[in-house]
Amino acid sequence: MQPTALSGLPAGVGEALEAEGVADLYPPQEAAVEAGVLDGESLVAAVPTASGKTLIAELAMLSAIERGGKALYIVPLRALASEKKAEFERWEDHGVTVGVSTGNYDSDGEWLATRDVIVATSEKVDSLIRNGAPWIDDLTCVVSDEVHLVDDASRGPTLEVTLAKLRQVNPGLQTVALSATVGNADVIAEWLDAELVESEWRPIDLRVGVHFGNAINFDDGSQREVPVDRGEEQTARLVADALDTEEEGQGGSSLVFVNSRRNAESSARKLADVTGPRLTVDERDRLRELAAEIRGVSDTDTSEDLADAVEDGSAFHHAGLAAEHRSLIEGAFRDRLIKCVSATPTLAAGVNTPARRVVVRDWRRYDGEFGGMKPLDVLEVHQMCGRAGRPGLDPYGEAVLLASDADTMDELFDRYVWADAEPVRSKLAAEPALRTHVLATVASGFASTRGGLLEFLENTLYATQTDDAGRLAAVTDSVLEYLAANGFLERDREGGTESLSATGIGHTVSRLYLDPMSAATMIDGLRDVCAVDDAAVEGAAAGAYERSAAADAADDGEDPGFGTYSRVGGDDGGETDADDADVDAAGDPASDITPLGLYHLVSRTPDMYELYLKSGDRETYTEICYEREAEFLGDVPSEYEDVRFEDWLAALKTARLLEDWADEVDEDRIAERYGVGPGDIRGKVDTAEWLLRAAETLAADVDGVDGDAVLAVRRARKRVEYGVREQLLDLAGVRDVGRKRARRLYEAGVETRADLREADKGVVLGALRGRERTAERILEHAGREDPSMDGIDADRSASAAATAGSGDGDDEGQASLGDFR
DNA sequence: CGTCCATATCTGTAGACAGCATGTC
DNA sequence: CTACAGATATGGACG
């Protein structure tokens with residue numbers, strides 16, 4: 001079937017596809033057309049990666065737009081959102097407009113309503129529904145990429161509920177779900193009332209095999225001799241073999257999957273010995289430039305190690321890397337400059353990075369819950385293998401699992417090569433998931449009674465899959481109880497029906513996109529300190545208070561999730577002695593609220609990913625816990641009796657990291673001290689920023705909009721956001737002034753925004769290392785009348801003072817963490 | 001007495017969404 | 001109830 005023969009697409013699209021080289025549709029695409037994607041039929045396409053799934057989605061969306069509709073493309077990762085956007089933008093020539101909306105990037109709120117195609121993450125779509133984005137009603141086509149992720153325990157339920165909501169809002173909605181080949185695609189199709197297109201077909205052949213001894217044994221019965229000399233690494237030999245196999249004049253790149261960050265790094269180091277000697281002079285030059293760029297992203301050891309490996313054409317890839325690191329590596333690997341990437345599973349599910357050969361080195365991964373090394377899911381291994389075969393470059397892709405003995409080889413064949421992927425199973429009936437979604441469902445008006453709620457939940461995959469309807473109802477009831485007890489929902493029993501409505505705070509929590517338990521934790525902590533400090537404000541916050549007070553009374557049981565409210569005497573631990581001399585301790589109630597207290601509060605919330613306690617950390621943080629006991633908001637669990645103490649310490653470690661960041665500690669110090677990578681630091685800071693912003697809103701509810709708590713939270717948030725001490729807050733708020741410039745200006749004697757307007761220009765210029773343009777911009781943003789730097793000489797002493805004060809080397813030109821995004 | 005290698009012991013373990021309002025060196 | 005690779009410490013043989 002030729003693209004020009006398709007009907008229902010915008011004018012010129014068929015020809016454009018042909019020009020792109022699409023002479024004939026792939027069999028699964030053809031099947032999708034026959035199933036009616038172009039006519040608005042819903043469809044589940046369960047096909048391998050890189051077999052043209054995206055085109056199926058495009059056909060659906062473009063034909064929907066041609067009929068005057070609007071399409072939404074749901075992605076699982078932010079990085080994929082930009083990738084898809086770029087891909088879809090080629091239709092702008094045909095009058096199709098594209099917009100993106102993710103947590104950190106919005107192509108302008110209102111403007112989205114005018115876009116034909118919107119790309120967003122599932123969480124963002126959920127949030128947009130909760131906040132009543134008007135264009136949701138206009139959607140006629142929704143595409144869900146990687147739907148098999150509904151199986152994911154933490155994020156799957158969001159996708160599931162979001163699809164159910166979209167379909168309820170708009171019963172005629174065309175739903176196109178793209179899935180990996182899974183065990184039960186038919187069930188997904190049944191759930192979505194969709195046609196099913198299932199296929200194993202791939203445009204590039206994939207040969208899967210197991211290497212053992214001196215050869216790879218492929219699934220088709222063929223063998224490839226790859227002898228491993230004594231003492232030589234199996235992986236290294238396979239990577240070398242792929243590189244030395246010159247087909248189409250190109251040595252093939254490899255992707256090596258391992259099971260930990262550390263393994264990824266050490267593997268990359270070792271494989272550098274394989275890739276290094278095979279580089280051309282030109283490649284070496286370009287890699288040196290790339291390495292310099294990598295070093296510029298961050299000055300941590302991680303960054304340095306990565307750059308070292310990259311100079312030899314090898315790289316590692318895991319979540320400890322900063323986002324820039326990752327995209328630099330992905331790009332250079334796609335451009336065939338980097339010959340080999342050793343990666344954790346980040347890369348298996350992330351952006352498109354095909355390789356000539358995929359080596360699955362580790363097939364087991366540590367799992368704390370499991371209590372040891374757990375074999376990877378079949379689906380996961382299939383996804384890794386699916387990365388083999390670069391379109392247009394390779395005649396076929398090779399995926400190789402490694403076995404060290406014959407028994408393992410047999411097991412790998414049985415377990416992965418011959419096996420079908422597991423069936424997808426909904427994880428919706430877990431309490432944390434329902435807690436969030438039940439509140440949101442009620443708050444945004446999808447249900448107003450218990451019966452209506454259960455009816456709505458009938459539209460989820462969970463309901464389609466389970467034969468035990470009672471379980472969902474039971475979990476729902478316990479969640480309703482929790483939400484009511486914490487004052488997020490009101491329940492009224494009248495006759496046989498139980499009506500549900502969200503309270504003011506319930507609506508707020510839903511819109512803030514907080515886990516209700518996070519909100520409860522934060523409210524609890526904030527109320528604790530406000531109640532002690534400021535009884536007068538109580539009246540203003542009565543709305544939020546009463547509910548919870550009533551809830552307290554209703555709840556006698558010690559449910560750990562509820563938190564305990566009464567802490568006797570918040571200031572019994574002596575003076576809280578924060579590092580900030582600027583805070584007026586005496587007589588200022590907000591001084592009871594220290595940044596550490598707030599960082600700990602948000603860190604012990606379920607929305608913050610836990611930092612690991614390593615050996616020795618227990619003692620370290622137990623000590624800190626006692627030293628700074630007075631700063632914590634809420635009750636400190638007992639070291640000996642309370643199982644929550646461990647979590648409390650883990651949160652304390654996170655809080656300390658944030659405190660260090662807000663104390664201008666260099667990122668390499670932080671990385672070393674907490675055993676994390678630059679990506680982790682940035683992630684923590686980002687999450688804290690988000691949660692503190694939410695806490696600010698909650699504090700306004702508890703303490704009144706101008707309460708001390710609100711101000712304290714805002715200050716703590718800004719300090720994390722800018723990564724500066726209290727004294728630099730004013731300066732760092734000026735546009736173009738960040739962590740480093742603020743510190744240099746301050747050391748040169750320019751301490752406030754007002755100083756910037758008055759200060760000697762020579763001093764300012766000196767502190768900014770003689771950058772005239774930058775200095776002018778900053779003065780302008782600070783509101784100076786005459787920002788011109790014409791004829792000003794940089795003050796040498798200002799420059800010297802600034803350099804000495806900032807503590808890092810001169811002229812390194814290194815970006816700090818605060819520079820990301 | 002220092003070096004090198006073989007063996008025992010210890011240690012630590014994948015991932016990444018959201019709000020809000022615009023910009024670092 | 002469950003593992004295992006890499007880093008580090010330990011110890012012995014050797015020149």
Side-chain angles (χ1 to χ4, degrees), chain A residues 75-79 81 101-106 108-109 120-128 130-131 149 152 154-155 158-159 257-267 269-270 296 318-320 323 326 343-350 361-362 364-368 370-376 380 436 511-515 518 607-609 612-616 675 679-680 682-684 686-687 689-697 717 721-723 732 734-742 744 768-769 771 774 777-778 781 806 808 811-821:
Chain A
V75 289
L77 296 167
R78 291 201 287 233
S101 182
T102 66
N104 58 5
Y105 184 70
D106 240 337
D108 209 0
T121 54
S122 38
E123 284 78 6
K124 188 63 186 192
V125 177
D126 187 17
S127 168
L128 288 165
R130 295 185 190 194
N131 288 285
L149 291 172
D152 184 279
S154 65
R155 299 182 52 207
T158 305
L159 178 57
F257 285 106
V258 298
N259 64 2
S260 73
R261 293 178 178 189
R262 208 172 57 178
N263 285 341
E265 295 183 16
S266 70
S267 167
R269 210 177 306 128
K270 274 183 278 191
H318 59 62
R326 290 203 234 175
T344 55
T346 7
L347 218 54
R361 197 194 78 175
D362 303 331
R364 283 183 288 215
R365 183 169 54 224
Y366 180 85
D367 181 331
F370 184 73
M373 298 303 272
K374 187 180 176 183
L376 300 184
E380 213 171 338
T436 300
R511 280 196 300 260
L512 286 172
Y513 211 77
L514 286 176
D515 181 329
S518 297
D607 276 309
M608 179 75 86
Y609 207 76
Y612 239 66
L613 281 185
K614 303 187 181 185
S615 72
D680 300 298
R682 188 56 232 181
K684 288 282 174 282
D686 212 38
T687 307
E689 207 181 304
W690 165 55
L691 287 171
L692 285 167
R693 201 177 282 270
E696 211 174 306
T697 307
R717 191 206 82 215
E721 187 179 341
Y722 304 139
V734 177
R735 193 168 152 175
D736 280 346
V737 180
R739 230 186 171 207
K740 303 217 157 168
R741 286 176 180 169
R744 278 199 288 273
L768 297 171
R769 294 173 175 169
R771 305 283 159 80
T774 308
R777 267 205 324 277
I778 289 173
H781 296 146
S806 73
D808 59 12
D811 274 322
E812 295 266 310
Q814 283 171 337
S816 82
L817 262 185
D819 304 340
F820 292 170
R821 252 191 271 226

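Here is the naming used below: chain letters follow the sequence lines, and residue numbers restart at 1 for every chain.
Between the C1' atom of B/dA18 and the CG atom of A/Asn131 lies a distance of 11 Å, rounded to the nearest Å. Remark: P of C/dC4 and CG of A/Leu376 are 13 Å apart, rounded to the nearest angstrom. One atom, CD of A/Glu123, and another, P of B/dC17, lie 8 Å apart when rounded to the nearest Å. B/dG23 atom P lies 21 Å from atom NZ of A/Lys740, rounded to whole Å. A/Leu691 places its CG atom 13 Å from the P atom of B/dA18, with the value rounded to the nearest Å. What separates CZ of A/Arg693 from P of B/dA21 is a distance of 7 Å, to the nearest Å. Taking atom NZ of A/Lys270 as the reference point, atom P of C/dA5 lies 10 Å away to the nearest angstrom. The distance between atom CZ of A/Arg269 and atom C1' of C/dA5, rounded to the nearest whole Å, is 13 Å.
Spacing between B/dA18 and C/dC1 at atom C1', rounded to whole Å, works out to 39 Å. Comparing the P positions of B/dA16 and C/dA3 gives an interatomic distance of 28 Å, to the nearest angstrom.
Across all strands shown, B/dG23 forms no Watson-Crick or G-U wobble pair with both distances under 3.5 Å. Within the shown strands, nothing qualifies as a pairing partner of B/dC17 under the Watson-Crick or G-U definition with both distances less than 3.5 Å.
Between A/Arg735 and B/dG23, a side-chain N or O to OP1/OP2 separation shorter than 4.0 Å is present. Contact annotation: A/Ser127 reaches the phosphate of B/dG19 (side-chain N/O to OP1 or OP2, under 4.0 Å). For A/Thr687 and B/dC17, the shortest distance from a side-chain N or O to OP1 or OP2 is not below 4.0 Å. Phosphate proximity of C/dC4 to A/Arg364: present, with a side-chain N or O under 4.0 Å from OP1 or OP2. Between A/Lys374 and B/dT13 there is no side-chain polar atom (N or O) within less than 4.0 angstrom of OP1 or OP2.
A/Arg361 comes within 4.0 angstrom of sugar-phosphate atoms only, judged by non-hydrogen atoms across all strands, and of no base. When heavy atoms are screened at a 4.0 angstrom cut-off, A/Val125 is found touching no nucleic acid atom at all. Note on A/Asn263: only backbone sugar-phosphate atoms sit closer than 4.0 angstrom, heavy atoms only; bases stay farther off. Using a 4.0 Å heavy-atom distance criterion, A/Gly103 is classed as a base contact.
Judged by distance alone, with hydrogens and angles left aside, the side-chain atoms of A/Asp607 form a donor-acceptor pair with the main-chain N or O of A/Asp515 at under 3.5 Å. Of the possible polar contacts, one joining the A/Asn259 side chain to the A/Arg364 backbone as a donor-acceptor pair under 3.5 Å is found. For the pair A/Thr687 (side chain) and A/Gly683 (backbone), a donor-acceptor distance under 3.5 Å is present. Not a single donor-acceptor pair under 3.5 Å links the side chain of A/Asp686 to the backbone N or O of A/Arg682. The closest donor-acceptor contact from the side chain of A/Arg155 to the backbone of A/Leu149 lies at 3.5 Å or more, if one exists at all. In this structure a side-chain-to-backbone donor-acceptor pair under 3.5 Å is present from A/Arg739 to A/Gly723.
Contact annotation: the side chain of A/Tyr722 never approaches that of A/Val737 to less than 4.5 Å [non-hydrogen atoms, C-beta and beyond]. Proximity of A/Glu721 to A/Arg693: side-chain heavy atoms (C-beta onward) are separated by under 4.5 Å at one or more points.
With respect to the salt-bridge test (charged N to carboxylate O, under 4.0 angstrom), the residues A/Asp126 and A/Arg130 qualify.
Taking each heavy atom of A/Ala120 and A/Val125 in turn, the nearest pair found is CB-CG2, 3.8 Å. Across all their heavy atoms, A/Leu128 and A/Ser101 have their closest contact at CD1-OG, 4.1 Å.
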For DNA chain C, what is the dot-bracket line, given that a base pair needs Watson-Crick (N1 to N3, plus N6-O4 or O6-N4) or G-U wobble (N1-O2 and O6-N3) geometry with both distances under 3.5 Å, and | means paired with another strand?
..|||||||||||||

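Checking A/Tyr612 against A/Tyr513, the closest nucleotide of DNA chain B that is more toward the 5' end is the one next to A/Tyr612.
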Nucleotides 14-16 of chain B: which of its N/O atoms have a protein N/O under 3.5 Å away?
{"residue": "B/dA14", "atom": "OP1", "partner": "A/Arg261", "partner atom": "N", "Å": "2.9"}
{"residue": "B/dA14", "atom": "N1", "partner": "A/Arg365", "partner atom": "NH2", "Å": "3.4"}
{"residue": "B/dG15", "atom": "OP1", "partner": "A/Ala319", "partner atom": "N", "Å": "2.6"}
{"residue": "B/dG15", "atom": "OP1", "partner": "A/Thr344", "partner atom": "OG1", "Å": "3.0"}
{"residue": "B/dG15", "atom": "OP2", "partner": "A/Arg261", "partner atom": "NE", "Å": "2.9"}
{"residue": "B/dG15", "atom": "OP2", "partner": "A/Arg261", "partner atom": "NH2", "Å": "3.1"}
{"residue": "B/dG15", "atom": "N7", "partner": "A/Tyr609", "partner atom": "OH", "Å": "2.3"}
{"residue": "B/dG15", "atom": "O6", "partner": "A/Tyr609", "partner atom": "OH", "Å": "3.2"}

